[in-house]
Amino acid sequence: MLLEVKDINTYYGNIHALKDVSLHVDNGEIVAVIGANGAGKTTLLNTISGVLHSRTGEIVFEGRPITKLSPDKVVHLGISQVPERRQVFSTLDVLDNLLLGAYLRHGREPKEEIQKDMDFVFEIFPILKDRQKQMGGTLSGGEQQMLALGRGLMAKPQLLLLDEPSLGLAPLLVREIFRVAGELREHGTTILLVEQNARAALRLADRGYVMETGNVVLEDTSKELLGDERVQEAYLGGSGS
Amino acid sequence: MQGFLGNRSVKRGLTVAAMVVLVALVLFLAYQKNFGPKAFAQWTIDGIRGGSIYGLVGLGFVVIFSVTGVINFAQGEFVMLGAMFCATFYALDVPLPPPLKLVVAIILTVIIVTLVGVIFERATISPARARGAHIVTLIIITIGFTITVRAIALLLWGSRAKIVPAFTNLQQTDVIFRPLGLTLSAQSLWIWGTVAVVLAALYYFFERTMMGKAFRACAINPRAAELMGINPSRMSLLSFALAAAVGAVGGIVFGAATRPQYDMGLVFGLKGFVAAIMAGMVNPLGAVLGGLILGVAENVGAGVTGLYGYRDLIAFVILILILLFRPQGIIGGGERGVEQT
(Lines give C-alpha, C1' and ligand atoms only; values in the text may rest on other atoms or scores of the structure.)
Protein backbone atom coordinates (compact mmCIF):
# COMPACT_ATOMS: atom_id res chain seq x y z
CA MET A 1 0.00 0.00 0.00
CA LEU A 2 1.46 3.35 -1.04
CA LEU A 3 -0.82 5.71 0.83
CA GLU A 4 -3.19 5.03 3.67
CA VAL A 5 -5.50 7.64 5.17
CA LYS A 6 -7.01 6.49 8.47
CA ASP A 7 -10.01 8.18 10.10
CA ILE A 8 -8.84 11.76 9.59
CA ASN A 9 -10.82 14.74 10.88
CA THR A 10 -9.88 18.13 9.45
CA TYR A 11 -11.38 21.47 10.41
CA TYR A 12 -11.50 24.84 8.68
CA GLY A 13 -11.85 27.03 11.74
CA ASN A 14 -15.04 25.66 13.24
CA ILE A 15 -16.21 23.86 10.13
CA HIS A 16 -15.77 20.13 10.36
CA ALA A 17 -14.64 19.56 6.77
CA LEU A 18 -13.47 15.94 6.87
CA LYS A 19 -15.27 13.43 9.10
CA ASP A 20 -13.48 10.17 9.83
CA VAL A 21 -12.29 9.89 6.23
CA SER A 22 -10.37 6.75 5.35
CA LEU A 23 -9.01 5.62 2.03
CA HIS A 24 -6.00 3.95 0.54
CA VAL A 25 -4.05 4.02 -2.71
CA ASP A 26 -1.99 1.09 -3.97
CA ASN A 27 1.13 1.35 -6.07
CA GLY A 28 0.42 1.90 -9.76
CA GLU A 29 -3.28 2.67 -9.33
CA ILE A 30 -5.40 5.59 -10.35
CA VAL A 31 -7.91 6.27 -7.61
CA ALA A 32 -10.71 8.78 -8.10
CA VAL A 33 -12.53 10.69 -5.39
CA ILE A 34 -15.79 12.08 -6.72
CA GLY A 35 -18.39 14.28 -5.11
CA ALA A 36 -20.15 17.61 -5.35
CA ASN A 37 -18.62 21.01 -4.70
CA GLY A 38 -17.98 21.36 -0.96
CA ALA A 39 -17.89 17.63 -0.26
CA GLY A 40 -14.36 18.00 1.14
CA LYS A 41 -12.36 16.67 -1.80
CA THR A 42 -9.84 19.52 -1.96
CA THR A 43 -9.56 19.54 1.83
CA LEU A 44 -8.64 15.87 1.63
CA LEU A 45 -5.79 16.56 -0.81
CA ASN A 46 -4.59 19.55 1.19
CA THR A 47 -4.51 17.43 4.33
CA ILE A 48 -2.46 14.75 2.59
CA SER A 49 0.02 17.29 1.22
CA GLY A 50 0.45 19.00 4.59
CA VAL A 51 -1.10 22.38 3.72
CA LEU A 52 -3.78 21.55 6.29
CA HIS A 53 -3.40 19.25 9.27
CA SER A 54 -5.97 16.85 10.62
CA ARG A 55 -6.91 17.00 14.30
CA THR A 56 -7.20 13.25 14.65
CA GLY A 57 -6.41 10.26 12.50
CA GLU A 58 -3.30 9.24 10.63
CA ILE A 59 -1.85 9.44 7.14
CA VAL A 60 0.80 6.88 6.23
CA PHE A 61 2.92 7.07 3.08
CA GLU A 62 5.18 4.12 2.27
CA GLY A 63 4.86 2.93 5.84
CA ARG A 64 5.87 6.32 7.24
CA PRO A 65 3.45 8.58 9.13
CA ILE A 66 3.23 11.96 7.40
CA THR A 67 0.24 13.35 9.31
CA LYS A 68 2.09 16.24 10.92
CA LEU A 69 4.67 17.03 8.23
CA SER A 70 4.91 20.39 6.48
CA PRO A 71 4.32 20.58 2.71
CA ASP A 72 8.02 20.77 1.81
CA LYS A 73 8.70 17.54 3.71
CA VAL A 74 5.76 15.84 2.03
CA VAL A 75 6.95 16.92 -1.43
CA HIS A 76 10.42 15.68 -0.58
CA LEU A 77 9.02 12.24 0.32
CA GLY A 78 7.44 11.97 -3.12
CA ILE A 79 3.91 13.37 -3.07
CA SER A 80 3.21 16.20 -5.48
CA GLN A 81 -0.08 18.08 -5.71
CA VAL A 82 -1.40 19.77 -8.83
CA PRO A 83 -3.71 22.38 -7.35
CA GLU A 84 -7.25 23.27 -8.30
CA ARG A 85 -7.53 26.05 -10.90
CA ARG A 86 -3.95 25.28 -11.95
CA GLN A 87 -2.27 28.11 -10.01
CA VAL A 88 0.63 28.51 -12.41
CA PHE A 89 3.10 31.30 -11.62
CA SER A 90 1.61 33.81 -14.00
CA THR A 91 4.55 36.21 -14.33
CA LEU A 92 7.26 33.55 -14.58
CA ASP A 93 7.89 31.84 -17.90
CA VAL A 94 6.98 28.25 -18.65
CA LEU A 95 10.54 27.03 -18.15
CA ASP A 96 10.82 28.64 -14.71
CA ASN A 97 7.43 27.24 -13.73
CA LEU A 98 8.67 23.77 -14.56
CA LEU A 99 12.03 24.29 -12.84
CA LEU A 100 10.23 25.40 -9.69
CA GLY A 101 8.33 22.13 -9.76
CA ALA A 102 11.70 20.50 -9.16
CA TYR A 103 12.62 23.10 -6.51
CA LEU A 104 13.66 20.62 -3.81
CA ARG A 105 15.72 18.57 -6.26
CA HIS A 106 18.06 21.39 -7.33
CA GLY A 107 21.45 20.90 -5.72
CA ARG A 108 20.50 17.47 -4.37
CA GLU A 109 20.32 15.65 -7.68
CA PRO A 110 22.49 15.92 -10.77
CA LYS A 111 21.23 18.42 -13.35
CA GLU A 112 20.89 15.64 -15.94
CA GLU A 113 18.21 13.93 -13.84
CA ILE A 114 16.12 17.08 -13.75
CA GLN A 115 16.72 17.68 -17.45
CA LYS A 116 15.55 14.14 -18.19
CA ASP A 117 12.23 14.83 -16.49
CA MET A 118 11.97 18.13 -18.30
CA ASP A 119 12.42 16.30 -21.60
CA PHE A 120 9.73 13.84 -20.54
CA VAL A 121 7.29 16.69 -19.78
CA PHE A 122 8.07 18.26 -23.18
CA GLU A 123 7.50 14.88 -24.78
CA ILE A 124 3.99 14.45 -23.33
CA PHE A 125 3.12 18.15 -23.77
CA PRO A 126 5.04 19.36 -26.87
CA ILE A 127 3.17 22.68 -26.75
CA LEU A 128 5.03 23.55 -23.53
CA LYS A 129 8.33 23.16 -25.33
CA ASP A 130 7.21 25.65 -27.98
CA ARG A 131 6.08 28.08 -25.29
CA GLN A 132 9.08 27.77 -22.95
CA LYS A 133 9.79 31.48 -22.89
CA GLN A 134 6.17 32.59 -22.58
CA MET A 135 4.76 33.82 -19.26
CA GLY A 136 2.59 31.26 -17.48
CA GLY A 137 -0.31 33.70 -17.26
CA THR A 138 -0.47 34.19 -21.03
CA LEU A 139 -1.22 30.52 -21.76
CA SER A 140 -4.72 29.30 -22.51
CA GLY A 141 -6.65 27.41 -19.84
CA GLY A 142 -5.78 24.04 -21.33
CA GLU A 143 -2.11 24.93 -21.68
CA GLN A 144 -2.04 26.15 -18.09
CA GLN A 145 -3.44 22.82 -16.96
CA MET A 146 -0.71 21.06 -18.92
CA LEU A 147 1.86 23.34 -17.33
CA ALA A 148 0.47 22.69 -13.84
CA LEU A 149 0.56 18.96 -14.49
CA GLY A 150 4.07 19.16 -15.93
CA ARG A 151 5.19 21.23 -12.96
CA GLY A 152 3.78 18.61 -10.62
CA LEU A 153 5.66 15.90 -12.49
CA MET A 154 8.94 17.78 -12.19
CA ALA A 155 8.96 16.89 -8.49
CA LYS A 156 9.34 13.28 -9.69
CA PRO A 157 6.53 12.12 -7.44
CA GLN A 158 5.61 8.55 -6.61
CA LEU A 159 2.12 9.80 -5.90
CA LEU A 160 0.53 12.58 -7.91
CA LEU A 161 -2.47 14.37 -6.40
CA LEU A 162 -4.68 15.91 -9.09
CA ASP A 163 -7.26 18.44 -7.98
CA GLU A 164 -10.09 18.96 -10.50
CA PRO A 165 -7.92 18.84 -13.63
CA SER A 166 -11.00 19.11 -15.87
CA LEU A 167 -12.30 22.31 -14.28
CA GLY A 168 -13.17 24.94 -16.87
CA LEU A 169 -11.74 22.99 -19.80
CA ALA A 170 -13.44 22.17 -23.09
CA PRO A 171 -14.39 18.46 -23.47
CA LEU A 172 -11.64 17.84 -26.00
CA LEU A 173 -8.99 19.15 -23.61
CA VAL A 174 -10.45 17.18 -20.72
CA ARG A 175 -10.03 14.05 -22.81
CA GLU A 176 -6.43 15.03 -23.60
CA ILE A 177 -5.55 15.61 -19.93
CA PHE A 178 -7.13 12.32 -18.88
CA ARG A 179 -5.35 10.49 -21.68
CA VAL A 180 -2.03 11.81 -20.36
CA ALA A 181 -2.98 10.77 -16.83
CA GLY A 182 -3.57 7.25 -18.13
CA GLU A 183 -0.20 7.37 -19.86
CA LEU A 184 1.49 8.38 -16.61
CA ARG A 185 0.11 5.26 -14.98
CA GLU A 186 1.91 3.25 -17.68
CA HIS A 187 5.10 5.04 -16.60
CA GLY A 188 4.56 3.91 -13.03
CA THR A 189 3.14 7.09 -11.47
CA THR A 190 0.36 6.48 -8.98
CA ILE A 191 -2.46 9.04 -9.08
CA LEU A 192 -5.08 10.17 -6.61
CA LEU A 193 -7.58 12.19 -8.59
CA VAL A 194 -10.31 14.41 -7.23
CA GLU A 195 -13.08 15.33 -9.67
CA GLN A 196 -16.57 16.69 -10.06
CA ASN A 197 -16.59 15.27 -13.56
CA ALA A 198 -17.45 11.83 -12.19
CA ARG A 199 -17.89 10.05 -15.50
CA ALA A 200 -14.51 11.00 -16.96
CA ALA A 201 -12.80 10.32 -13.63
CA LEU A 202 -14.34 6.87 -13.12
CA ARG A 203 -13.66 5.83 -16.71
CA LEU A 204 -9.97 6.48 -16.13
CA ALA A 205 -9.62 5.26 -12.55
CA ASP A 206 -9.23 1.74 -11.23
CA ARG A 207 -11.16 2.42 -8.04
CA GLY A 208 -13.23 5.26 -6.67
CA TYR A 209 -14.57 6.86 -3.52
CA VAL A 210 -17.69 8.97 -3.29
CA MET A 211 -17.68 11.87 -0.83
CA GLU A 212 -20.65 13.78 0.57
CA THR A 213 -20.39 16.63 3.10
CA GLY A 214 -17.08 15.48 4.52
CA ASN A 215 -17.83 11.76 4.61
CA VAL A 216 -16.82 8.90 2.37
CA VAL A 217 -20.19 7.32 1.59
CA LEU A 218 -19.22 4.75 -1.02
CA GLU A 219 -16.15 2.95 -2.24
CA ASP A 220 -15.73 0.37 -4.95
CA THR A 221 -14.08 -0.39 -8.25
CA SER A 222 -14.79 2.20 -10.93
CA LYS A 223 -16.78 -0.31 -12.91
CA GLU A 224 -19.12 -1.00 -10.00
CA LEU A 225 -19.47 2.70 -9.20
CA LEU A 226 -20.30 3.54 -12.82
CA GLY A 227 -23.02 0.93 -12.65
CA ASP A 228 -24.30 1.94 -9.23
CA GLU A 229 -27.79 3.43 -9.28
CA ARG A 230 -27.15 5.98 -6.56
CA VAL A 231 -23.97 7.19 -8.30
CA GLN A 232 -25.74 7.41 -11.64
CA GLU A 233 -28.57 9.33 -10.05
CA ALA A 234 -26.44 11.80 -8.14
CA TYR A 235 -23.32 12.25 -10.23
CA LEU A 236 -23.78 10.89 -13.73
CA GLY A 237 -27.03 12.67 -14.54
CA GLY A 238 -29.13 9.51 -14.94
CA SER A 239 -28.33 7.13 -17.79
CA GLY A 240 -25.48 7.68 -20.26
CA SER A 241 -24.62 10.83 -22.15
CA MET B 1 -23.21 62.16 -9.12
CA GLN B 2 -22.55 58.52 -8.45
CA GLY B 3 -19.73 57.22 -10.58
CA PHE B 4 -18.41 60.66 -11.40
CA LEU B 5 -15.05 60.10 -9.77
CA GLY B 6 -15.10 56.49 -10.86
CA ASN B 7 -15.24 57.43 -14.52
CA ARG B 8 -11.82 56.66 -15.93
CA SER B 9 -11.59 59.40 -18.52
CA VAL B 10 -12.86 62.06 -16.11
CA LYS B 11 -10.31 60.88 -13.59
CA ARG B 12 -7.53 60.93 -16.14
CA GLY B 13 -8.58 64.40 -17.28
CA LEU B 14 -8.49 65.69 -13.72
CA THR B 15 -5.05 64.16 -13.18
CA VAL B 16 -3.64 65.76 -16.31
CA ALA B 17 -5.21 69.12 -15.39
CA ALA B 18 -3.71 68.91 -11.91
CA MET B 19 -0.27 68.14 -13.38
CA VAL B 20 -0.49 71.08 -15.78
CA VAL B 21 -1.48 73.44 -12.95
CA LEU B 22 1.37 72.12 -10.82
CA VAL B 23 3.99 72.55 -13.55
CA ALA B 24 2.64 76.02 -14.34
CA LEU B 25 2.86 76.95 -10.67
CA VAL B 26 6.46 75.74 -10.42
CA LEU B 27 7.45 77.64 -13.56
CA PHE B 28 5.63 80.76 -12.41
CA LEU B 29 7.42 80.75 -9.05
CA ALA B 30 10.74 80.09 -10.75
CA TYR B 31 10.13 82.99 -13.14
CA GLN B 32 9.20 85.33 -10.30
CA LYS B 33 12.32 84.52 -8.36
CA ASN B 34 14.59 84.42 -11.42
CA PHE B 35 15.56 80.76 -11.14
CA GLY B 36 17.10 79.49 -14.35
CA PRO B 37 17.70 75.99 -15.74
CA LYS B 38 20.88 75.82 -13.69
CA ALA B 39 18.95 76.06 -10.44
CA PHE B 40 16.63 73.31 -11.63
CA ALA B 41 19.60 71.15 -12.59
CA GLN B 42 21.12 71.62 -9.15
CA TRP B 43 17.84 70.75 -7.40
CA THR B 44 17.55 67.68 -9.56
CA ILE B 45 21.07 66.50 -8.71
CA ASP B 46 20.47 67.01 -5.01
CA GLY B 47 17.08 65.35 -5.31
CA ILE B 48 18.42 62.27 -7.06
CA ARG B 49 21.00 61.91 -4.34
CA GLY B 50 18.51 61.77 -1.46
CA GLY B 51 16.00 60.01 -3.68
CA SER B 52 18.35 57.09 -4.31
CA ILE B 53 18.28 56.31 -0.62
CA TYR B 54 14.48 56.66 -0.46
CA GLY B 55 14.49 54.22 -3.36
CA LEU B 56 16.67 51.71 -1.50
CA VAL B 57 14.40 51.96 1.54
CA GLY B 58 11.36 51.59 -0.72
CA LEU B 59 12.98 48.51 -2.24
CA GLY B 60 13.21 47.05 1.27
CA PHE B 61 9.50 47.68 1.79
CA VAL B 62 8.67 45.97 -1.51
CA VAL B 63 10.88 42.93 -0.87
CA ILE B 64 9.19 42.22 2.46
CA PHE B 65 5.67 43.16 1.42
CA SER B 66 5.56 41.11 -1.77
CA VAL B 67 6.47 37.89 0.03
CA THR B 68 4.85 38.34 3.45
CA GLY B 69 2.16 41.00 2.99
CA VAL B 70 3.72 42.87 5.92
CA ILE B 71 4.44 46.60 5.63
CA ASN B 72 7.65 46.78 7.63
CA PHE B 73 7.73 50.22 9.21
CA ALA B 74 11.07 49.36 10.79
CA GLN B 75 12.69 49.71 7.36
CA GLY B 76 14.02 53.19 8.17
CA GLU B 77 15.65 51.89 11.34
CA PHE B 78 17.84 49.58 9.26
CA VAL B 79 19.14 52.72 7.53
CA MET B 80 19.80 54.39 10.88
CA LEU B 81 21.54 51.29 12.26
CA GLY B 82 23.66 51.09 9.12
CA ALA B 83 24.89 54.67 9.48
CA MET B 84 25.35 54.53 13.26
CA PHE B 85 27.16 51.19 13.42
CA CYS B 86 29.45 52.21 10.59
CA ALA B 87 30.30 55.50 12.33
CA THR B 88 30.93 53.66 15.60
CA PHE B 89 33.21 51.04 14.09
CA TYR B 90 35.14 53.63 12.14
CA ALA B 91 35.67 55.68 15.29
CA LEU B 92 37.23 52.69 17.11
CA ASP B 93 40.91 53.09 17.85
CA VAL B 94 42.41 50.14 15.99
CA PRO B 95 45.78 49.96 14.23
CA LEU B 96 44.48 49.78 10.69
CA PRO B 97 45.06 52.20 7.83
CA PRO B 98 41.91 54.36 7.51
CA PRO B 99 40.72 53.05 4.11
CA LEU B 100 40.95 49.46 5.30
CA LYS B 101 39.26 50.42 8.56
CA LEU B 102 36.36 51.88 6.63
CA VAL B 103 35.99 48.75 4.51
CA VAL B 104 36.04 46.53 7.60
CA ALA B 105 33.56 48.83 9.33
CA ILE B 106 31.20 48.63 6.33
CA ILE B 107 31.36 44.84 6.11
CA LEU B 108 30.82 44.40 9.87
CA THR B 109 27.91 46.85 9.77
CA VAL B 110 26.12 45.08 6.94
CA ILE B 111 26.53 41.73 8.73
CA ILE B 112 25.26 43.08 12.04
CA VAL B 113 22.26 44.91 10.60
CA THR B 114 21.33 41.86 8.53
CA LEU B 115 21.45 39.83 11.74
CA VAL B 116 19.20 42.41 13.41
CA GLY B 117 16.71 41.88 10.59
CA VAL B 118 16.95 38.11 10.97
CA ILE B 119 16.51 38.21 14.73
CA PHE B 120 13.62 40.66 14.38
CA GLU B 121 11.81 38.27 12.03
CA ARG B 122 12.50 35.13 14.05
CA ALA B 123 11.76 36.67 17.46
CA THR B 124 8.58 38.60 16.65
CA ILE B 125 7.06 38.25 13.17
CA SER B 126 7.55 34.51 12.75
CA PRO B 127 6.11 33.35 16.12
CA ALA B 128 3.20 35.78 15.81
CA ARG B 129 2.37 34.43 12.37
CA ALA B 130 2.68 30.85 13.57
CA ARG B 131 -0.06 31.64 16.08
CA GLY B 132 -2.27 32.94 13.29
CA ALA B 133 -1.80 36.68 13.91
CA HIS B 134 -3.66 39.00 11.56
CA ILE B 135 -1.53 40.95 9.09
CA VAL B 136 -2.42 44.21 10.89
CA THR B 137 -0.97 42.75 14.08
CA LEU B 138 2.26 42.02 12.27
CA ILE B 139 2.41 45.58 10.95
CA ILE B 140 1.86 46.95 14.47
CA ILE B 141 4.70 44.72 15.63
CA THR B 142 7.02 46.43 13.14
CA ILE B 143 5.99 49.81 14.57
CA GLY B 144 6.72 48.53 18.07
CA PHE B 145 10.10 47.32 16.91
CA THR B 146 10.81 50.75 15.41
CA ILE B 147 10.15 52.47 18.73
CA THR B 148 12.29 49.94 20.59
CA VAL B 149 15.21 50.24 18.22
CA ARG B 150 15.12 54.02 18.34
CA ALA B 151 15.08 53.99 22.15
CA ILE B 152 18.01 51.58 22.30
CA ALA B 153 19.89 53.70 19.76
CA LEU B 154 19.38 56.77 21.95
CA LEU B 155 20.73 54.87 24.96
CA LEU B 156 23.71 53.52 23.04
CA TRP B 157 24.73 56.55 21.05
CA GLY B 158 23.07 59.52 22.69
CA SER B 159 21.44 62.29 20.71
CA ARG B 160 24.64 63.72 19.19
CA ALA B 161 25.24 63.26 15.50
CA LYS B 162 27.93 60.81 14.41
CA ILE B 163 30.42 60.99 11.62
CA VAL B 164 30.96 58.60 8.74
CA PRO B 165 33.78 60.00 6.61
CA ALA B 166 33.26 60.74 2.94
CA PHE B 167 34.50 57.71 1.04
CA THR B 168 36.76 59.57 -1.39
CA ASN B 169 39.05 61.53 0.93
CA LEU B 170 38.05 60.01 4.30
CA GLN B 171 37.42 63.53 5.59
CA GLN B 172 34.33 65.07 7.06
CA THR B 173 34.18 67.59 4.21
CA ASP B 174 33.84 65.85 0.90
CA VAL B 175 35.52 66.51 -2.44
CA ILE B 176 33.29 68.75 -4.54
CA PHE B 177 33.17 68.71 -8.33
CA ARG B 178 31.89 71.69 -10.29
CA PRO B 179 30.75 70.46 -13.69
CA LEU B 180 29.07 73.29 -15.68
CA GLY B 181 28.98 75.43 -12.58
CA LEU B 182 26.89 72.93 -10.62
CA THR B 183 27.83 71.49 -7.27
CA LEU B 184 28.34 67.76 -7.08
CA SER B 185 29.88 66.00 -4.11
CA ALA B 186 32.00 62.91 -4.68
CA GLN B 187 29.84 61.02 -2.20
CA SER B 188 26.88 61.44 -4.57
CA LEU B 189 28.79 59.36 -7.10
CA TRP B 190 29.40 56.71 -4.44
CA ILE B 191 25.69 56.72 -3.62
CA TRP B 192 24.63 56.26 -7.25
CA GLY B 193 27.24 53.60 -7.85
CA THR B 194 26.11 51.71 -4.77
CA VAL B 195 22.45 51.88 -5.76
CA ALA B 196 23.37 50.58 -9.22
CA VAL B 197 25.38 47.69 -7.75
CA VAL B 198 22.62 46.78 -5.28
CA LEU B 199 20.05 46.78 -8.08
CA ALA B 200 22.26 44.64 -10.33
CA ALA B 201 22.86 42.15 -7.51
CA LEU B 202 19.15 41.91 -6.71
CA TYR B 203 18.34 41.53 -10.39
CA TYR B 204 20.80 38.67 -10.68
CA PHE B 205 19.37 37.03 -7.57
CA PHE B 206 15.73 37.26 -8.64
CA GLU B 207 16.24 36.40 -12.31
CA ARG B 208 19.12 33.96 -12.37
CA THR B 209 19.12 31.92 -9.16
CA MET B 210 16.71 29.17 -8.21
CA MET B 211 16.25 30.66 -4.77
CA GLY B 212 15.44 34.05 -6.26
CA LYS B 213 12.84 32.46 -8.51
CA ALA B 214 11.36 30.61 -5.56
CA PHE B 215 11.19 33.95 -3.78
CA ARG B 216 9.25 35.45 -6.68
CA ALA B 217 7.02 32.40 -6.90
CA CYS B 218 6.20 32.90 -3.24
CA ALA B 219 5.23 36.50 -3.97
CA ILE B 220 3.11 35.59 -7.01
CA ASN B 221 1.22 32.66 -5.53
CA PRO B 222 2.15 31.63 -1.99
CA ARG B 223 -0.13 28.60 -1.94
CA ALA B 224 1.23 27.08 -5.14
CA ALA B 225 4.78 27.89 -4.00
CA GLU B 226 4.13 25.91 -0.83
CA LEU B 227 3.01 22.93 -2.92
CA MET B 228 6.34 23.07 -4.77
CA GLY B 229 8.07 22.52 -1.44
CA ILE B 230 9.08 26.17 -1.07
CA ASN B 231 9.02 26.97 2.62
CA PRO B 232 7.20 30.32 3.08
CA SER B 233 8.67 30.84 6.52
CA ARG B 234 12.19 30.60 5.11
CA MET B 235 11.29 33.04 2.33
CA SER B 236 9.92 35.46 4.92
CA LEU B 237 13.21 35.25 6.82
CA LEU B 238 15.13 35.80 3.61
CA SER B 239 13.04 38.87 2.79
CA PHE B 240 13.80 40.50 6.16
CA ALA B 241 17.50 39.68 5.81
CA LEU B 242 17.61 41.19 2.31
CA ALA B 243 15.66 44.28 3.33
CA ALA B 244 17.88 44.84 6.36
CA ALA B 245 21.05 44.47 4.31
CA VAL B 246 19.81 46.86 1.61
CA GLY B 247 18.75 49.36 4.30
CA ALA B 248 22.13 49.14 6.00
CA VAL B 249 23.98 49.75 2.74
CA GLY B 250 21.79 52.79 2.12
CA GLY B 251 22.48 54.11 5.61
CA ILE B 252 26.22 53.68 5.22
CA VAL B 253 26.61 55.48 1.88
CA PHE B 254 24.16 58.19 2.78
CA GLY B 255 25.51 58.52 6.31
CA ALA B 256 28.81 59.63 4.83
CA ALA B 257 27.06 62.56 3.20
CA THR B 258 25.06 63.69 6.21
CA ARG B 259 25.38 63.63 9.98
CA PRO B 260 23.65 60.43 11.09
CA GLN B 261 21.65 60.55 14.28
CA TYR B 262 19.65 58.06 16.32
CA ASP B 263 16.30 59.33 15.01
CA MET B 264 17.11 59.56 11.28
CA GLY B 265 15.19 56.33 10.64
CA LEU B 266 11.81 58.02 10.96
CA VAL B 267 12.19 60.31 7.94
CA PHE B 268 13.84 57.63 5.79
CA GLY B 269 11.25 55.05 6.77
CA LEU B 270 8.36 57.31 5.84
CA LYS B 271 9.88 58.53 2.60
CA GLY B 272 10.86 55.02 1.59
CA PHE B 273 7.27 54.06 2.28
CA VAL B 274 6.07 56.83 -0.03
CA ALA B 275 8.45 55.52 -2.73
CA ALA B 276 7.12 51.98 -2.29
CA ILE B 277 3.51 53.18 -2.34
CA MET B 278 4.21 54.93 -5.65
CA ALA B 279 5.14 51.49 -7.01
CA GLY B 280 2.04 49.87 -5.56
CA MET B 281 4.22 48.11 -2.94
CA VAL B 282 5.11 45.29 -5.34
CA ASN B 283 7.40 46.64 -8.05
CA PRO B 284 11.08 46.78 -6.96
CA LEU B 285 12.33 48.91 -9.86
CA GLY B 286 9.27 51.11 -9.50
CA ALA B 287 10.14 51.73 -5.87
CA VAL B 288 13.60 52.97 -6.81
CA LEU B 289 12.12 55.17 -9.51
CA GLY B 290 9.52 56.38 -7.02
CA GLY B 291 12.28 57.31 -4.60
CA LEU B 292 14.08 59.31 -7.28
CA ILE B 293 10.90 61.14 -8.28
CA LEU B 294 10.14 61.91 -4.66
CA GLY B 295 13.67 63.19 -4.02
CA VAL B 296 13.56 65.49 -7.05
CA ALA B 297 10.01 66.66 -6.30
CA GLU B 298 10.84 67.71 -2.76
CA ASN B 299 14.02 69.50 -3.76
CA VAL B 300 12.41 71.37 -6.65
CA GLY B 301 9.40 72.16 -4.47
CA ALA B 302 11.49 73.45 -1.61
CA GLY B 303 13.86 75.31 -3.94
CA VAL B 304 11.16 77.05 -5.93
CA THR B 305 9.13 78.13 -2.91
CA GLY B 306 12.15 78.81 -0.72
CA LEU B 307 10.38 76.96 2.08
CA TYR B 308 13.14 74.48 2.93
CA GLY B 309 11.59 73.79 6.31
CA TYR B 310 8.52 72.36 4.60
CA ARG B 311 10.40 69.93 2.41
CA ASP B 312 9.02 66.85 4.19
CA LEU B 313 5.51 68.16 3.68
CA ILE B 314 5.80 67.50 -0.05
CA ALA B 315 6.45 63.80 0.52
CA PHE B 316 3.42 63.45 2.73
CA VAL B 317 1.13 65.38 0.40
CA ILE B 318 2.22 62.96 -2.36
CA LEU B 319 1.56 60.02 -0.02
CA ILE B 320 -1.94 61.20 0.85
CA LEU B 321 -2.84 61.97 -2.77
CA ILE B 322 -1.69 58.56 -3.97
CA LEU B 323 -3.47 56.68 -1.19
CA LEU B 324 -6.64 58.65 -1.93
CA PHE B 325 -6.69 58.45 -5.70
CA ARG B 326 -4.41 55.64 -6.83
CA PRO B 327 -3.79 53.17 -4.02
CA GLN B 328 -2.50 50.65 -6.58
CA GLY B 329 0.46 52.95 -7.28
CA ILE B 330 1.48 55.15 -10.18
CA ILE B 331 4.50 53.28 -11.50
CA GLY B 332 3.95 49.94 -13.23
CA GLY B 333 1.83 47.04 -12.08
CA GLY B 334 3.19 44.37 -9.81
CA GLU B 335 3.43 40.64 -10.01
CA ARG B 336 0.83 40.11 -7.38
CA GLY B 337 -2.79 40.19 -8.28
CA VAL B 338 -4.18 37.89 -10.91
CA GLU B 339 -4.65 34.69 -9.02
CA GLN B 340 -5.11 36.15 -5.55
CA THR B 341 -8.55 35.28 -4.30
Side-chain angles (χ1 to χ4, degrees), chain A residues 13 42 45-46 48-52 69-93 95-108 111 114 135-139 144 147-148 150-157 160-163, chain B residues 62-63 65-67 126-127 129-134 203-238 279-286 328-329 331-341:
Chain A
T42 296
L45 292 193
N46 283 340
I48 294 171
S49 59
V51 174
L52 296 171
L69 295 187
S70 58
D72 52 327
K73 302 260 163 46
V74 175
V75 174
H76 188 60
L77 286 176
I79 300 180
S80 165
Q81 183 177 347
V82 179
E84 191 180 352
R85 292 178 199 285
R86 319 183 249 285
Q87 314 276 354
V88 301
F89 300 116
S90 54
T91 49
L92 291 175
D93 63 22
L95 199 63
D96 281 345
N97 267 277
L98 291 174
L99 285 172
L100 281 168
Y103 178 67
L104 291 177
R105 302 172 61 199
H106 295 283
R108 295 183 201 198
K111 277 201 167 93
I114 296 169
M135 293 292 162
T138 64
L139 301 182
Q144 287 193 17
L147 178 55
R151 191 181 60 178
L153 288 172
M154 288 300 290
K156 206 177 191 179
L160 191 63
L161 308 176
L162 293 183
D163 197 348
Chain B
V62 168
V63 162
F65 179 82
S66 55
V67 164
S126 175
R129 192 179 18 226
R131 290 189 182 82
H134 192 269
Y203 179 84
Y204 179 83
F205 174 70
F206 285 128
E207 293 288 328
R208 294 275 176 270
T209 70
M210 210 55 222
M211 194 177 230
K213 282 171 188 171
F215 193 88
R216 286 170 65 198
C218 213
I220 300 166
N221 190 329
R223 192 163 314 159
E226 211 178 351
L227 290 177
M228 302 301 108
I230 297 165
N231 185 332
S233 158
R234 206 170 295 162
M235 290 299 144
S236 164
L237 181 63
L238 178 65
M281 292 304 289
V282 287
N283 183 341
L285 265 181
Q328 72 273 39
I331 309 164
E335 292 192 328
R336 202 175 254 254
V338 199
E339 61 278 81
Q340 294 280 317
T341 44

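These numbers come from the heavy atoms of this one structure, side chains and all, not from hydrogens, waters or symmetry mates. What you see is a predicted model; the values in this text were computed from it and never measured. Chain identifiers are assigned alphabetically (A, B, ...) following the order of the sequence lines, protein sequences preceding nucleic acid strands; residue numbering begins at 1 within each chain.
Scored by the salt bridge (charged side-chain N to carboxylate O under 4.0 Å, His left out) test, A/D96 finds B/K213 as partners (sequence neighbours excluded). For B/F215, the ring pair (Phe, Tyr, Trp, His ring centres under 6.0 Å) partners are B/F206, not counting sequence neighbours.
Of the atoms belonging to A/S80, not a single heavy atom falls under 4.5 Å from chain B. With a 4.5 angstrom heavy-atom cutoff, A/H106 touches chain B only via side-chain atoms.
Considering all non-hydrogen atoms of both residues, A/D72 and B/G229 come closest at CB-O, 3.1 Å.
Considering CG of B/N221 and CG of A/N97, their distance stands at 10.0 Å, rounded to 0.5 Å. Note that CD of A/Q81 and CZ of B/R223 are 10.0 Å apart. Values are rounded to the nearest 0.5 Å. The distance from the CG atom of A/L100 to the CZ atom of B/R216 is 9.5 Å, given to the nearest 0.5 Å. Put simply, OH on A/Y103 and CG on B/L227 are 14.5 Å apart, with the number rounded to the nearest 0.5 Å. With rounding to the nearest 0.5 Å, the separation of CD in B/E226 from CD in A/Q87 is 12.0 Å.
Looking at heavy atoms from C-beta onward, B/M228 lies out of side-chain contact with A/L104 at the 4.5 angstrom threshold.
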